[in-house]
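Heads up, the thing below is written out as structure tokens.
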Amino acid sequence: MKIAVCAPARPIDPVVEPRIKALAAITFPEVEIVFHPQCYLEEGHFAGSDAVRAAAFLEMANDPAFDAIWFARGGYGSNRILHTVMPQLGPAAQHKHYLGYSDMGFLLGALYARRIGRPAHGPMPSEVSRKDDQAHDVMRSLGWLVRGDRSGLEPSLDGRPAAAFNLSILSALIGTHWLPDLTDHVLMIEEVSEPLYRVDRMLSQMAHATQLKGIAGIRLGRVTDIQVNVPAFAETPEQMIVRWCGEMGVAYLGRADIAHDAQNKVVPFGVA
């Protein structure tokens, strides 16, 4: 198996590639992982210009030699290349796995909307340097990509179609043609580095989005690194989601084991 790594948003630390390759050599010797040089470019906030990032993604997605695209890291920027890359994806792109989360939700959502490949929400190569995890999170991703190992999947997956997004990304997708049809799906959401009033505001948008009226239910992942509200916000994230699900008229199905943390699990879009 051959996995391509590109960075549609921000660049990665140079230590990531040797660490990922060393880990793979020991635990998944049957896989070859290729990092595109674009992963290390820097142009302001981004890993190269919009055109450069788009070209790197298309080069690997349209190359039949690669079985999967593993997005290098999140940040911000993949939404800026959607209009360029989506019309140019060829036949080879149809047969790949695509794995990432956070800002990569823009690409995962757009791919799933057009039924291109097999997108999944899950840990990315940049997380190999987490001090609190000893690479267990990237092992989950490699296990799923290389061997179809289901042990790293989100445990509540029950045969119904599912999708997972960072709430900020989902909010930005609502109202655009990049948001997939999630009718009858279990929608899982998580968030990071926001004050709770902003989380509540995004949940309000989700609850009243006409594009989400047919979902089967919602699960709440972890809301981490919460920024301080002054004065303190009156509700917890779970209290908020219960209230908004009630207003939305959909079932709140409980917690999901996804987040911007070391315990983040893999959620394939559709039926796992």
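For the residue pair D103 / S78, a side-chain donor-acceptor distance below 3.5 Å is found, with atom types taken as modelled. D200 and W244 form a side-chain donor-acceptor contact under 3.5 Å, judged by distance and modelled atom types alone. Side-chain contact check for Y197 and Q227: no donor-acceptor pair (N or O, by modelled atom type) lies under 3.5 Å. Counted by atom type alone, T224 and D261 present zero donor-acceptor pairs between their side chains at under 3.5 Å.
The residues R243 and E247 are annotated as not salt-bridged, no charged nitrogen and carboxylate oxygen being separated by less than 4.0 angstrom. Under the 4.0 Å criterion applied to side-chain N and carboxylate O atoms, D149 and R147 are not assigned as salt-bridge partners. With respect to E154 and R219, no salt bridge is recorded, no charged nitrogen being found less than 4.0 Å from a carboxylate O. By the 4.0 Å N-to-carboxylate-O rule, D257 lies close enough to K265 to be salt-bridged with it. Salt-bridge annotation for E238 and R255: present, with a side-chain N of the basic residue lying under 4.0 Å from a carboxylate O of the acidic one. Ion pairing between a basic and an acidic side chain is recognised when a charged N comes within 4.0 Å of a carboxylate O; R53 and D50 show such pairing.
Between F57 and H36, the gap from one ring centroid to the other reaches at least 6.0 Å.
Looking at residues two or more places apart in sequence or on another chain, you find no ring pair (Phe, Tyr, Trp, His ring centres under 6.0 Å) involving Y98. Residues passing the ring pair (Phe, Tyr, Trp, His ring centres under 6.0 Å) test with F269, sequence neighbours excluded: Y112, F165.
Residues H97 and R118 meet the side-chain proximity criterion, which asks for heavy atoms closer than 4.5 Å. L89 has its side chain within reach of N62: a pair of non-hydrogen atoms, C-beta onward, lies under 4.5 Å apart. For the pair M206/S171, no side-chain contact is recorded, criterion being any heavy-atom separation below 4.5 Å from C-beta on. Looking at heavy atoms from C-beta onward, W144 lies out of side-chain contact with S151 at the 4.5 angstrom threshold.
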Could you go through F46 and R80, starting from their C-alpha distance and side-chain angles, then the distance that decides it, and tell me whether this counts as side-chain contact (heavy atoms from CB on, under 4.5 Å)? CA-CA 11 Å; F46 306 108; R80 293 165 56 114; 3.7 Å; yes
Exercise for the section: Check step by step if side-chain contact (heavy atoms from CB on, under 4.5 Å) holds for V186 and I215. Expected result: CA-CA 6 Å; V186 174; I215 64 173; over 6 Å; no
Please test N166 against H260 for side-chain contact (heavy atoms from CB on, under 4.5 Å), starting from the C-alpha separation and ending with a verdict.
CA-CA 9 Å; N166 172 259; H260 276 66; 3.6 Å; yes
inquiry  = What verdict does the side-chain contact (heavy atoms from CB on, under 4.5 Å) test give for M240 and E235, after you've listed the backbone C-alpha separation in whole Å, the side-chain angles of each residue and the deciding distance to 0.1 Å?
reply    = CA-CA 6 Å; M240 287 185 234; E235 294 176 301; 3.7 Å; yes
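Residues V15 and I20 are members of separate hydrophobic clusters, defined by side-chain heavy-atom contacts under 4.5 angstrom among Ile, Leu, Val, Met, Phe, Trp and Tyr.
The stretch residues 215-242 participates, sequence neighbours left out, in no ring pair (Phe, Tyr, Trp, His ring centres under 6.0 Å) pair at all.
Heavy atoms only, all atoms of each residue included: A54 and V85 are closest at CB-CG1, 3.6 Å.
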